[in-house]
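First, the structure itself, so that you have it in front of you.
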Amino acid sequence: MSTQEISKNFKNVEEKELNPISGGLMLILVLAMYAASVGLIICGAVTIEMGKNNILGGILVAGGIFLLIAAFILTCGFHMLKPNEELVLTFFGKYYGTIKKDGYYFVNPFASEFNPTSGGVVPQAIEITAGGGEIVKNSVATQSTRKKISTKTQTLRNDKQKVNDVLGNPIIIGSVVIWRVAEPTKAVFNVENYKEFLSIQCDSVIRNIARMYPYDNMEDEADEKSLRGSSQEIADSMRKELQEKVMEAGLEIKEVRITNLAYSDEIAAAMLQRQQAVAIIAARQKIVEGAVSMVKMAIDQLGEEEIVVLDEERKAAMVSNLLVVLCGNKDAQPIVNSGSIY
């Protein structure tokens, strides 16, 4: 089946905002129906018991029971929404509409709430094994039994996972996603479970982005972007790619951040030695630059103030001694020379 045929078979539900009537007015009516039903049943029972008119008494009792059942059915149509909550309703399997405003409302009592994420658990991360299998990690989030769709800003924290960077080095990476439901109708109808969908797509995006960059820059590639040195650019790339993947689910990605980044255990020791070597070389370079500057200053001042006249061989000896003293790891041990150097 081609991509076009699949797109035709996929039915995109258009959002329809409901403007239901006030729940307060209907509550008064329903309470009045409950009171009337109780009154009719009592009047009918009294009429039958007194034997005045059994037919009338039966009609009153039947009317009271019917009114009681009707009031009970109407009770199912009350819904209360808090700020940043929306409610998607279906009517016998068909999309009925979405309540987007907070308040107390009454709708068709046969219209049922729909939220596929209510109940059960959602895996926060999935690890792909070497054999191609999937292992659901232990970190899970228990879902609410509430049918209302929260449009509040939420946080999804994906567990650490092992991936390879562009150089093939195994690294451990974890992330956090700041997101919200922007279009509840798409979220509940276009995907099976929008929270699980977001978690898996986040996992995929992190793996894809991590494979495109090195963990750190090499000395000869200082301008290249890296996971450790270009965190803001990498985060923006992750957010943009993840937003494209979850757009059909009606989700808005506000921010993606890398919360954990480290070399994997099997190469961590070797990479630590490399970093230490780079740090030692950089420190030695600074020491040598400073030592050469100090030696040059010493020779220039001795020559300008004519404290001592040095030929080229004496200058070379003094430079050698000063560099040993200034660049050595240990304190120099002075040796007094009472003779000539010739």
* Side chain of Glu86, backbone of Ile149: donor and acceptor closer than 3.5 Å? ->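 Such a contact is absent between Glu86 side chain and Ile149 backbone.
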* Dump the intermediate steps for side-chain contact (heavy atoms from CB on, under 4.5 Å) on Trp179 and Cys202, then the final yes or no. => CA-CA 11 Å; Trp179 65 283; Cys202 178; over 6 Å; no
* Asked: What do you reckon, is CZ of Phe91 surrounded by more than 12 foreign heavy atoms closer than 6.0 Å?
  ->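 Enclosed.
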* More than 12 heavy atoms of other residues, nucleotides or ligands under 6.0 Å from CD of Glu192: is that the case? ->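 No, CD of Glu192 has 12 or fewer neighbouring heavy atoms, counting only those of other groups under 6.0 Å.
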* Phe197 and Thr117, any side-chain heavy atoms less than 4.5 Å apart ->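 Not touching, per the 4.5 Å side-chain cut-off.
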* To do: Keeping the roles fixed (side chain from Thr151, backbone from Asn84), state whether a donor-acceptor pair exists under 3.5 Å.
  =>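 Pair found, side chain donor or acceptor close to backbone of Asn84.
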* Over 12 foreign heavy atoms within 6.0 Å of CZ, Phe72 ->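 Count not over threshold, so no.
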* Asked: Is there a side-chain contact between His79 and Glu113 (heavy atoms, below 4.5 Å)?
  ->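 A side-chain contact exists here, since the closest heavy-atom pair is under 4.5 Å.
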* Could you tell me whether Tyr95 and Phe114 have their ring centroids closer than 6.0 angstrom? =>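 Centroid separation for Tyr95 and Phe114: 6.0 Å or greater.
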* Report yes if the side chains of Glu17 and Glu15 come closer than 4.5 Å at any heavy-atom pair, otherwise no. =>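 Counting from C-beta outward, Glu17 and Glu15 never come under 4.5 Å.
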* **4.5 Å side-chain heavy-atom contact, Leu89 and Ile99** =>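 Of all side-chain heavy-atom pairs linking Ile99 with Leu89, at least one is under 4.5 Å.
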* Can you find a side-chain donor-acceptor pair between Lys245 and Ser204 that sits under 3.5 Å? ->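 No - no donor-acceptor pair under 3.5 Å links their side chains.
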* Asn190 side chain to Glu248 backbone, donor-acceptor under 3.5 Å ->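 The answer is yes, because a donor-acceptor pair under 3.5 Å joins these two groups.
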* To do: Identify which one of Glu252, Arg180, Glu255, Lys254 satisfies the side-chain hydrogen bond (donor to acceptor under 3.5 Å, both in side chains) criterion when paired with Thr153.
  =>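 Only match with Thr153 under side-chain hydrogen bond (donor to acceptor under 3.5 Å, both in side chains): Lys254.
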* To do: Could you state whether Ile178 and Leu251 fall into the same hydrophobic cluster, counting links through intermediate Ile, Leu, Val, Met, Phe, Trp or Tyr residues with side-chain heavy atoms under 4.5 angstrom apart?
  =>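 The answer is no; the residues belong to distinct hydrophobic clusters.
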* Does the Tyr105 side chain pair with the main chain of Asp102, one donor and one acceptor, at a distance under 3.5 Å? ->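 A pair under 3.5 Å: yes.
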* Name of the residue among Leu87, Thr185, Leu18, Val188 meeting side-chain contact (heavy atoms from CB on, under 4.5 Å) with Thr98 ->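 Answer to the side-chain contact (heavy atoms from CB on, under 4.5 Å) test with Thr98 among Leu87, Thr185, Leu18, Val188: Thr185.
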* Asked: Are the side chain of Thr47 and the backbone of Cys43 linked by a donor-acceptor contact shorter than 3.5 Å?
  ->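 Side chain of Thr47 to backbone of Cys43, a donor-acceptor pair under 3.5 Å: yes, one is there.
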* **Among Leu25, Leu74, Leu29, Thr75, side-chain contact (heavy atoms from CB on, under 4.5 Å) partner for Phe106** =>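 Running side-chain contact (heavy atoms from CB on, under 4.5 Å) over Leu25, Leu74, Leu29, Thr75 with Phe106 returns exactly one hit, Leu74.
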* **pair Tyr34-Leu68: side-chain heavy atoms closer than 4.5 Å** =>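 Contact flag for Tyr34/Leu68 side chains = yes.
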